[in-house]
*Asks:* 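Please find one structure pasted underneath; my questions will follow.
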Amino acid sequence: MNKIKKLAGETVLYGLGTILPRTLNFFLVGLHTRIFLPDEYGVYVTLYAWIAFLNVIYLFGMETSYFRFATKPGADEEKIFRVTQTFVLAISGFFSICIILFAHQISEPFDVVNHSEFIAWLSIVMFVDAAVAIPFARLRLQKKATKFAMAKILNILIQVGLNLYFLIVIYDPSINIGFLILANLFANLFYVIFFLKTLTSWRPAWDKVLFSSMIRYAYPIMLTGLAGMTNEMFSRQVLGWWLPSGFYPGKTSKEALGIFGACYRFSVIMNLAVQAFKFAAEPFFFSNSSTSNSPQLFAKVNHFFTIVCCFLVLGVTINLDILQVLLGPDFREGLVIVPILLIGYMFLGVYYNISIWFKLTDRTYFGTLITIVGMVLTIGVNFLLIPIMGYLGSAWATLICYLVMLAICYFLGQRYYPVPYKIVKGILYLLLALILIQISKYFELPNQIASTLLHAFTMTVYLAIAYWSERKYWLASID
């Protein structure tokens, strides 16, 4: 139990460093959707969708590889850190230089041909992200969650401040979404200052045998990451292509993409909770993999993670009537996708937990194969559903993809690394959340205060049921 409490505490700290900053950034959506038109915001959504793909290539799976090799018995962590950082800086530097050299040509398909500097700025953003990724991983390995959180919070405070300054004080329509990229760039340069001691003390290192082992472990994770990004970002890249003309009366495909991208940001509430947990859980799983009761421990962690995620699905969905004020009026019609995406990202979070089996057994190629299945599903379901359901079809594609990946991973994992996960109870908690959501829809209350009180009561009912059902399991020690 002490281990789970410690993991929960670290998750809270990583949450402060991940959820709190991104929550502040999320509130900027209200500002963005009141300044930029839907088609302008659509260009921004498309650019950052491609950046997400390139970030995976820049890191090449070396973050997880660093965790795996640095936690092996007798490992020289300092040497592993230097070798990993050497490779990441080399490959990310190469790609960023190439992007800068061909920025004008790259800008054409993104409709920013008159602002090729946007592409160059983004290449620097990606390089800085890659340069500090392994130092951030080292903080996680060393259990320095407080320092990790402080860096993330300061970064987003800078970014929020710059957004307000650029968009309210000195806004120039000719620069348009470029101000958002500049805010991201200047905020990321803060990381260089934060890790200045680490970066300046680092010296290039190379070990052919060690690197060969690390890259063999890492490249399937990189391929998995690319396929995973396809699952996450594909809809935001093809919606404008596959959406029939006039599907949404009075709106172009680019405007529909802007609405979809803005409303998609609400699902980030679940995604960030998953990410915060992943930051704490990944080193936790590796560190506890050799203990005799690790399967029971992993099952218990995943069970309570699922309960919390179902609570988030409930809480966000029934309070969309309040949260919608964060969006400009022209964007709110797309909020119908939010509950579907929340459940989809919950499935992704459970998948991350269950997928630990192929990382611990050095069968990372299974992760690649599973994610490729998800990628094929994402492409196929988007192709089928976008023409008949619009961006709602894209939301369903996300949910279906992650559900199938979760199911495949679970059944394979039970063969190679059996863990007694409480699948049925997890499904029951999701059904409970969905039932409470449907019940809350039947009540039409006269004002927002009454409605909010009802929603608070509904969330309390869920927590009460969860506490009554789980109190003995929570108190039962398995350490």
Side-chain angles (χ1 to χ4, degrees), residues 26 235 248 259-260 262-274 302-327 329 331-351 381 385-386 388-407 421-471:
F26 170 72
S235 59
Y248 294 104
I259 292 170
F260 177 62
C263 292
Y264 207 105
R265 299 291 285 270
F266 281 86
S267 68
V268 84
I269 297 171
M270 178 67 75
N271 200 14
L272 291 176
V274 169
N302 184 70
H303 183 60
F304 289 109
F305 171 80
T306 302
I307 293 172
V308 172
C309 285
C310 290
F311 177 73
L312 286 177
V313 170
L314 171 66
V316 174
T317 301
I318 64 177
N319 286 294
L320 282 176
D321 56 340
I322 298 176
L323 294 173
Q324 69 174 350
V325 301
L326 298 174
L327 287 178
F331 291 80
R332 294 174 187 173
E333 64 187 68
L335 287 173
V336 65
I337 68 173
V338 175
I340 301 168
L341 291 172
L342 289 171
I343 297 172
Y345 279 113
M346 183 189 77
F347 290 153
L348 178 62
V350 177
Y351 167 80
V381 178
L385 295 186
I386 285 177
I388 60 176
M389 299 178 69
Y391 43 63
L392 186 62
S394 290
W396 277 109
T398 298
L399 186 151
I400 292 168
C401 163
Y402 292 140
L403 176 59
V404 172
M405 286 174 56
L406 169 59
Y421 294 113
K422 292 181 171 293
I423 300 299
V424 174
K425 288 201 73 173
I427 294 173
L428 290 176
Y429 276 110
L430 178 57
L431 289 175
L432 172 63
L434 295 176
I435 290 170
L436 291 174
I437 289 170
Q438 290 303 314
I439 291 174
S440 69
K441 290 182 178 180
Y442 284 109
F443 293 91
E444 295 185 6
L445 299 178
N447 57 64
Q448 186 61 59
I449 294 177
S451 179
T452 302
L453 289 174
L454 174 64
H455 296 162
F457 174 75
T458 303
M459 295 164 66
T460 303
V461 169
Y462 176 91
L463 292 176
I465 293 173
Y467 173 77
W468 179 82
S469 177
E470 303 297 336
R471 63 192 188 283

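Predicted, not measured: the structure shown is a model, and the values here were computed from it. Throughout, numbering of the chain's residues begins at 1 and tracks the sequence. Below, all heavy atoms of this structure are taken into account, side chains as well, without hydrogens, waters or symmetry copies.
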*Asks:* Are any side-chain N or O atoms of His455 and backbone N or O atoms of Asn319, one a donor and one an acceptor, separated by less than 3.5 Å?
*Replies:*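 Side chain of His455 to backbone of Asn319: no pair is present.
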*Asks:* Within a strict 4.5 Å, meaning less than it, do heavy atoms of the Ile343 and Leu434 side chains meet?
*Replies:*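 Counting from C-beta outward, Ile343 and Leu434 do come under 4.5 Å.
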*Asks:* For Lys425 and Ser469, which heavy atoms make the closest approach, and how far apart are they?
*Replies:*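 Scanning both residues completely, I find the closest heavy atoms to be NZ-OG, 3.2 Å.
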*Asks:* Before we go on, tell me: are the rings of Phe311 and Tyr429 under 6.0 Å apart, centre to centre?
*Replies:*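 Phe311 vs Tyr429: aromatic centres not under 6.0 Å.
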*Asks:* Flag the pair Ser394 / Leu385 as yes when at least one side-chain heavy-atom distance between them is below 4.5 Å, and no otherwise.
*Replies:*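 No, too far: nothing below the 4.5 Å cut-off.
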*Asks:* For the residue pair Tyr351 and Tyr402, establish whether any side-chain heavy-atom pair is separated by less than 4.5 Å.
*Replies:*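 No, too far: nothing below the 4.5 Å cut-off.
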*Asks:* Ignoring hydrogens, what is the shortest heavy-atom contact between Ser440 and Ile437? Give both atom names and the distance.
*Replies:*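 Residues Ser440 and Ile437, closest heavy atoms: OG-O, 2.7 Å.
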*Asks:* Could you walk me through whether Arg332 and Cys263 satisfy the side-chain contact (heavy atoms from CB on, under 4.5 Å) test, starting with their C-alpha distance in whole Å, then the side-chain angles of each, then the deciding distance to 0.1 Å, before giving a yes or no?
*Replies:* CA-CA 7 Å; Arg332 294 174 187 173; Cys263 292; over 6 Å; no
*Asks:* Between Tyr264 and Tyr391, does the ring-ring contact (aromatic ring centres under 6.0 Å, His included) criterion hold? Intermediate values first, please.
*Replies:* CA-CA 10 Å; Tyr264 207 105; Tyr391 43 63; over 10 Å; no
*Asks:* Could you walk me through whether Val338 and Val316 pass the side-chain contact (heavy atoms from CB on, under 4.5 Å) test, one step at a time?
*Replies:* CA-CA 9 Å; Val338 175; Val316 174; 4.2 Å; yes
*Asks:* Are the side chains of Gln324 and Phe331 in contact, using a 4.5 Å heavy-atom criterion?
*Replies:*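 A side-chain contact is absent here, since even the closest heavy-atom pair is not under 4.5 Å.
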*Asks:* Are Met346 and Leu312 packed together at the side-chain level, in the sense that at least one heavy-atom pair is separated by less than 4.5 angstrom?
*Replies:*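 Of all side-chain heavy-atom pairs linking Leu312 with Met346, none is under 4.5 Å.
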*Asks:* Minimum heavy-atom separation for Trp396 and Met389, please, with both atom names.
*Replies:*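 Scanning both residues, the minimum pair turns out to be CD1-CE, 3.7 Å.
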*Asks:* Residues in side chain to side chain contact (heavy atoms under 4.5 Å, CB included) with Leu436, at least two apart?
*Replies:*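 So Leu436 forms a side chain to side chain contact (heavy atoms under 4.5 Å, CB included) with Leu314, Leu432, Thr458, Val461, Tyr462.
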*Asks:* Not counting sequence neighbours, which residues clear side chain to side chain contact (heavy atoms under 4.5 Å, CB included) with Ile423? List them please.
*Replies:*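 Per chain and number, Ile423 pairs via side chain to side chain contact (heavy atoms under 4.5 Å, CB included) with Tyr410, Tyr421, Ile427.
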*Asks:* Looking only at non-hydrogen atoms, find the nearest pair between Val274 and Gly349 and report the distance.
*Replies:*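 Val274 and Gly349 have their closest heavy atoms at CG1-CA, 3.5 Å.
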*Asks:* Applying side-chain contact (heavy atoms from CB on, under 4.5 Å), run through Phe266 and Ile337 and close with a yes or a no.
*Replies:* CA-CA 9 Å; Phe266 281 86; Ile337 68 173; over 6 Å; no
*Asks:* Between Ile318 and Asp321, which heavy-atom pair has the shortest distance, and what is it?
*Replies:*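 Smallest interatomic distance, heavy atoms only, reads O-OD1, 3.5 Å.
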*Asks:* Within the 4.5 Å heavy-atom criterion, are Phe347 and Met270 side-chain neighbours or not?
*Replies:*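 Not in contact.
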*Asks:* Identify the two heavy atoms, one from Ala395 and one from Leu341, that lie closest to each other, and give their separation to 0.1 Å.
*Replies:*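 Scanning both residues, the minimum pair turns out to be CA-CD2, 3.9 Å.
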*Asks:* If you measure from CD1 on Ile435 to CG on Leu430, what distance do you get to the nearest 0.5 Å?
*Replies:*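 So the CD1 of Ile435 and the CG of Leu430 are separated by 10.0 Å.
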*Asks:* Can you list everything that forms a side chain to side chain contact (heavy atoms under 4.5 Å, CB included) with Thr306? Sequence neighbours excluded, please.
*Replies:*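 For Thr306 the side chain to side chain contact (heavy atoms under 4.5 Å, CB included) partners, ignoring immediate neighbours, are Asn302, Cys310, Val350.
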*Asks:* Quick check on Ile449: does its CD1 atom have over 12 non-hydrogen neighbours (other residues, nucleotides or ligands) under 6.0 Å away?
*Replies:*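 At most 12 heavy atoms, drawn from other residues, nucleotides or ligands, come within 6.0 Å of this atom.
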*Asks:* State, with a plain yes or no, whether a side-chain heavy atom of Leu392 is found less than 4.5 Å away from one of Ile340.
*Replies:*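 Of all side-chain heavy-atom pairs linking Ile340 with Leu392, at least one is under 4.5 Å.
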*Asks:* Checking side-chain contact (heavy atoms from CB on, under 4.5 Å) for the pair Phe305/Val308: CA distance, chi angles, key distance, verdict?
*Replies:* CA-CA 5 Å; Phe305 171 80; Val308 172; 5.9 Å; no
*Asks:* Atom CD1 of Ile307 and atom NZ of Lys422: how far apart are they, to the nearest 0.5 Å?
*Replies:*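 Spacing of CD1 (Ile307) from NZ (Lys422) equals 10.0 Å.
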*Asks:* I need the Gln438 CD to Thr317 OG1 distance, nearest 0.5 Å.
*Replies:*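 Answer rounded to 0.5 Å: 10.0 Å.
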